[in-house]
Amino acid sequence: MLDEYALVEGCRRQDRTVQRQLYERFAGKLFVVCKRYVKDPDEAEDVLQDSFVKIYRHIGSFRFECPLEAWLKRVVINTALKHLRKEKPWEHTADVQEMAPILPQADESLPSLNYQYLLQLIQELPPGCRTVFNLYAIEGYNHPEIAEMLDIAEGTSKSQYARARTLLQQKLRNEQRVRDESI
């Protein structure tokens, strides 16, 4: 198996065998990233394919200043966001100030969940909430960064995140109630 340097250099030379090795090594992990942003598996696959086209085209700009996987993940996130920008799922949302009376308190948090179940719950969120939740809670971006990335107001980012948390908490409470009733 080639190391990262050999993978990058082979891709820079447009060696199809090495490109295939890069794809096979990282496609599974990167597909999970796609699915966090795009609910439909077929669309997520399209985003993944578009991402690899960009990766192969721009691999020459990779300078080994970060791990290769981090750079690949960033390309995938940007490609998913570009895909979502076409739909503008956050365009008709309230600002955080309008939602202040109904937002959860900051000390409320999601309980520990297994990753696959949390991914499933996140995929059920509306697209705008799902996108902001992923960027903030999973990728670690702050609201000003998210606002810039999505070309939205910072307040919209905050309200989408708050709405996502509220929806996730409601789903968890409903599920707990169902479990309690079945006992």
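No experiment lies behind these values; they were computed from the predicted model shown. Side chains are part of it too, since the values below use all heavy atoms of this structure and drop only hydrogens, waters and symmetry mates.
Partners of R20 by salt bridge (Lys or Arg N to Asp or Glu O under 4.0 Å), not counting sequence neighbours, listed by chain and number: E24. With sequence neighbours excluded, no residue forms a salt bridge (Lys or Arg N to Asp or Glu O under 4.0 Å) with E43. The salt bridge (Lys or Arg N to Asp or Glu O under 4.0 Å) search around R12 returns E9, not counting sequence neighbours. Partners of E65 by salt bridge (Lys or Arg N to Asp or Glu O under 4.0 Å), not counting sequence neighbours: none found. With sequence neighbours excluded, the residues that form a ring-ring contact (aromatic ring centres under 6.0 Å, His included) with F64 are Y5, F62.
Between M149 and I77, the shortest heavy-atom distance links the atoms CE-CG2, 4.5 Å. Considering every non-hydrogen atom in both I146 and S157, the closest pair reads CG2-OG, 3.4 Å.
With a 4.5 Å cut-off on side-chain heavy atoms, W71 and V8 do not count as touching. Side-chain contact check for V76 versus C34: some heavy-atom pair is nearer than 4.5 Å. Contact of the F26 side chain with the Q21 side chain is not registered, since no non-hydrogen atoms from C-beta on lie closer than 4.5 Å. Contact of the L7 side chain with the R25 side chain is registered, since non-hydrogen atoms from C-beta on lie closer than 4.5 Å. Looking at N134 and V33, their side chains never come closer than 4.5 Å, going by heavy atoms from C-beta outward. You'll find the side chain of L22 reaches within 4.5 Å of the side chain of L72, heavy atoms only.
Below 30°, between 30° and 60°, or above 60°: for Y161 and Y136 the angle between ring planes is between 30° and 60°, a tilted geometry.
Contact check on E139 versus K73 returns a salt bridge, with a Lys/Arg side-chain nitrogen under 4.0 Å from an Asp/Glu carboxylate oxygen.
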Would you tabulate the side-chain donor-acceptor contacts of residues 49-56 under 3.5 Å, counting partners in other chains and residues two or more places apart, or write 'none'?
| unit_1 | atom_1 | unit_2 | atom_2 | d |
| --- | --- | --- | --- | --- |
| Q49 | NE2 | Y23 | OH | 3.1 |
| Q49 | NE2 | E45 | OE2 | 2.7 |
| S51 | OG | V47 | O | 2.8 |
| S51 | OG | T79 | OG1 | 3.4 |
| Y56 | OH | Q19 | O | 2.8 |

